Amino acid sequence: MANTKSAEKRTRQNTVRTLRNKATKTRVKNTRKSALEAIAGPDKKAAAAKISELASAADKAAKSGVISKNKASRLKSRATKALAKATAK
């Protein structure tokens, strides 16, 4: 239990930030999932658009510190590589 006003404020701030970070991380996960589903599908232009959405979401999450810069890069790279492999078949 917080003893001071500043500790109470920190608790409120942490709660808000935790929720915001969780929403951002969930957005990245959902865009990644939809991008991989689109890659598996027949329409490769839609898949490229989904990868673009994934890149945007990952970069925004990395910019705000929710995920690391390397993780954002890795997500984009793997999705792009999967699309290239799917179009080569």
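Only a predicted model underlies this, so the values are computations on that prediction, with no experimental measurement involved. We number each residue from 1, following the sequence as shown.
- The number of heavy-atom neighbours closer than 6.0 Å to CG of Asn3, taken from other residues, nucleotides and ligands shown, is 12 or below.
- For Ser56 (side chain) and Glu53 (main-chain N/O), no donor-acceptor pair under 3.5 Å exists by modelled atom type.
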### Query
Going through the distances and angles, do Gln13 and Lys9 end up as a side chain to side chain contact (heavy atoms under 4.5 Å, CB included)?
CA-CA 6 Å; Gln13 288 176 327; Lys9 181 177 179 181; 3.5 Å; yes

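- More than 12 heavy atoms of other residues, nucleotides or ligands lie within 6.0 Å of NZ in Lys44, so this atom counts as buried by the packing criterion.
- The CZ atom of Arg32 sits 15.5 Å away from the CZ atom of Arg27 when rounded to the nearest 0.5 Å.
- Of all heavy-atom pairs between Thr31 and Leu54, the closest is OG1-CD1, 3.7 Å.
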### Message
Does Thr24 form a side chain to side chain contact (heavy atoms under 4.5 Å, CB included) with Lys60? I'd like the steps, not just the answer.
### Response
CA-CA 8 Å; Thr24 304; Lys60 285 178 184 176; 5.9 Å; no

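- The two residues Ala72 and Ala62 make their nearest non-hydrogen contact at CB-CB, 3.9 Å.
- Residue Ile67 comes nearest to Ala58 through the heavy atom pair CD1-O, 3.8 Å, listed as atom of the first residue, atom of the second, then distance.
- The side-chain heavy atoms of Arg20 and Val16, taken from C-beta on, include a pair separated by under 4.5 Å.
- Contact detail for Leu83 and Ala47: the closest heavy-atom pair is CD1-CB, 3.8 Å.
- Each of Leu75 and Leu36 belongs to its own hydrophobic cluster when Ile, Leu, Val, Met, Phe, Trp and Tyr are linked at side-chain heavy-atom distances under 4.5 angstrom.
- Here the NZ-OG1 distance, from Lys85 to Thr80, works out to 14.5 Å after rounding to the nearest 0.5 Å.
- Ser52 places no side-chain N or O within donor-acceptor distance of the main-chain N or O of Ala48, the cut-off being under 3.5 Å.
- For Asp59 and Lys76, the salt-bridge test passes: some basic side-chain N is under 4.0 Å from an acidic carboxylate O.
- In this structure, Ser73 contributes its side chain and Lys69 its backbone to no donor-acceptor pair below 3.5 Å.
- Taking all atoms of both residues into account, the shortest heavy-atom contact from Ile39 to Ala79 is CD1-O, 3.5 Å.
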